Amino acid sequence: MSTSNLSDRVAIVTGAARGIGLATVKRLAAAGARVAALDLTSESLAEAGSAGALTIEADVAMSADWQRAVALTRESFGRLDILVNNAGISGFIGPLVDYPEDSFDEVMAVNARGVFLGMKHAAPAMADGGSIVNVSSISGIGGGSNTLAYTASKHAVIGMTKLAAIEFAPRRIRVNAVCPAPTATAMMFDLAQSKAPDDPEGFRRSFEATIPLGRYGQPDEVAEAIAFLASDAASFSTGAVLTVDGGMRAR
């Protein structure tokens with residue numbers, strides 16, 4: 001089966017209201033998959049619903065919400081084959097010594113706990129193999145600055161990905177991660193506005209200058225990598241970490 005043919009697959013995508021998550025919903029649906037799109041409010045999921053997705057209001061940090069989402073997906077589509085753990089927040093931007101404890105806990109709850117709970121509840125529902133794709137970041141394989149909880153959480157995602165790849169292998173469930181560089185999403189636009197309110201475009205240009213390919217990634221480009229890992233085109237890949245970063249980690 002190629003990446004372009006997922007006609008017999010059912011997927012859950014989190015953080016599906018916008019950005020990489022919405023692009024992934026559309027990419028998987030275009031390949032024929034039936035998709036359940038999860039985000040905090042049903043209103044925010046209108047565009048995902050227009051793409052044919054089943055929309056489910058859920059907080060990925062809540063175990064009960066995951067149980068309900070998995071049950072609704074199976075009731076609607078009869079099975080579950082693919083999980084894309086994409087939901088994430090950036091949190092406070094500033095030095096480690098100034099980092100608020102409540103912001104740290106909030107970021108870890110969404111970015112790390114959400115991935116843990118997604119795998120915990122989705123994997124048992126994958127009766128005959130499956131594919132889990134966790135969205136980390138280049139911050140998950142490097143250091144950076146002023147993004148303590150985000151960086152910590154994205155390192156955690158990679159660690160959980162590798163552990164789950166080993167634990168789930170006997171059941172033929174593959175678990176991989178993608179690590180995007182700065183991508184043209186609301187998260188990066190908000191960061192530019194907060195760091196350089198008088199010249200957000202200047203901030204963007206200076207950030208793009210650090211990327212060998214000279215630009216931000218596009219959500220569709222990350223979604224393409226996710227679709228590849230979710231499909232049988234990546235049938236012998238598990239525990240892998242795929243950078244989609246314009247060459248940033250090649251330096």
Side-chain angles (χ1 to χ4, degrees), residues 6-90 106-136 153 157 160-161 164 168 173-178 185-187 219-220 222-223 226-227 229-231:
L6 297 172
S7 58
D8 64 344
R9 305 298 168 89
V10 172
I12 289 176
V13 179
T14 70
R18 60 183 187 174
I20 292 169
L22 179 59
T24 300
V25 168
K26 292 178 176 180
R27 178 65 182 84
L28 298 181
R34 292 165 290 173
V35 182
L38 275 60
D39 216 299
L40 282 172
T41 66
S42 55
E43 294 80 8
S44 68
L45 288 163
E47 191 170 349
S50 297
L54 168 70
T55 60
I56 301 175
E57 186 174 308
D59 181 344
V60 297
M62 302 298 293
S63 187
D65 283 16
W66 269 110
Q67 291 173 306
R68 179 174 54 85
V70 170
L72 283 171
T73 301
R74 295 184 73 189
E75 287 170 13
S76 299
F77 301 131
R79 56 187 292 163
L80 177 61
D81 306 287
I82 297 165
L83 169 65
V84 181
N85 277 314
N86 166 72
I89 58 176
S90 57
E106 180 185 18
V107 173
M108 294 300 289
V110 177
N111 296 9
R113 177 181 168 86
V115 170
F116 153 60
L117 290 176
M119 294 193 292
K120 175 183 174 67
H121 293 295
M126 296 177 176
D128 185 28
S131 176
I132 297 172
V133 184
N134 296 324
V135 179
S136 180
S153 68
V157 169
M160 289 188 287
T161 296
F168 295 165
I173 297 173
R174 297 181 297 104
V175 189
N176 296 289
V178 295
T185 65
M187 183 181 290
D220 288 349
V222 183
I226 291 170
L229 289 173
S231 77

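Treat the numbers as computed from the prediction; the structure is a model and nothing was measured. This chain uses plain numbering: 1 for the first residue, then up along the sequence.
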Just how far is it from atom [atom1] of [X] to atom [atom2] of [Y], taken to the nearest 0.5 Å?
| X | Y | atom1 | atom2 | value |
| --- | --- | --- | --- | --- |
| Asn85 | Asn111 | CG | CG | 11.0 Å |
| Arg34 | Leu54 | CZ | CG | 11.5 Å |
| Leu38 | Ile56 | CG | CD1 | 5.0 Å |
| Ile173 | Met119 | CD1 | CE | 11.0 Å |
| Asn86 | Leu22 | CG | CG | 10.0 Å |

Within a reach of under 6.0 Å around CE of Met62, are more than 12 heavy atoms found that belong to other residues, nucleotides or ligands?
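Count not over threshold, so no.
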Do [X] and [Y] make a side-chain contact, defined as non-hydrogen atoms from C-beta onward lying under 4.5 Å apart?
| X | Y | value |
| --- | --- | --- |
| Leu83 | Met126 | yes |
| Leu229 | Val178 | yes |
| Val110 | Val60 | yes |

Is there a donor-acceptor pair under 3.5 Å between the side chain of [X] and the backbone N or O of [Y]?
| X | Y | value |
| --- | --- | --- |
| Thr14 | Ala87 | yes |
| Arg113 | Ala61 | yes |
| Asp39 | Ala16 | yes |

Can you see which heavy atom on [X] is nearest to which on [Y], and at what distance?
| X | Y | answer |
| --- | --- | --- |
| Leu80 | Val10 | CD1-O, 3.7 Å |
| Leu28 | Ala11 | CD1-CB, 3.8 Å |
| Arg74 | Ala125 | CD-CB, 3.6 Å |
| Ala230 | Val133 | N-CG2, 4.0 Å |

Considering only distance and modelled atom types, tabulate donor-acceptor pairs under 3.5 Å from the side chains of residues 44-52, sequence neighbours left out.
residue	atom	partner	partner atom	Å
Ser44	OG	Thr41	O	2.8
Ser44	OG	Thr41	OG1	3.1
Glu47	OE2	Lys26	NZ	2.6
Ser50	OG	Ala46	O	3.1

Among pairs that include at least one residue of residues 59-73, which meet side chain to side chain donor-acceptor pair (under 3.5 Å), considering only residues two or more places apart or in two chains?
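Of all non-adjacent pairs touching residues 59-73, those that pass side chain to side chain donor-acceptor pair (under 3.5 Å) are Ser63-His121.
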For a side-chain contact (heavy atoms from CB on, under 4.5 Å) check, start with the C-alpha distance between Ile226 and Arg27, then their side-chain angles and the critical distance, and finish with the verdict.
CA-CA 9 Å; Ile226 291 170; Arg27 178 65 182 84; over 6 Å; no
Taken in chain and number order and not counting sequence neighbours, the residues that satisfy side chain to side chain donor-acceptor pair (under 3.5 Å) with Asn176 are none
Who pairs with Thr161 by side chain to side chain donor-acceptor pair (under 3.5 Å), at least two apart in sequence or on another chain?
Asn134
How would you list, by chain and number, every residue that makes a salt bridge (Lys or Arg N to Asp or Glu O under 4.0 Å) with Arg79, sequence neighbours excluded?
Asp81
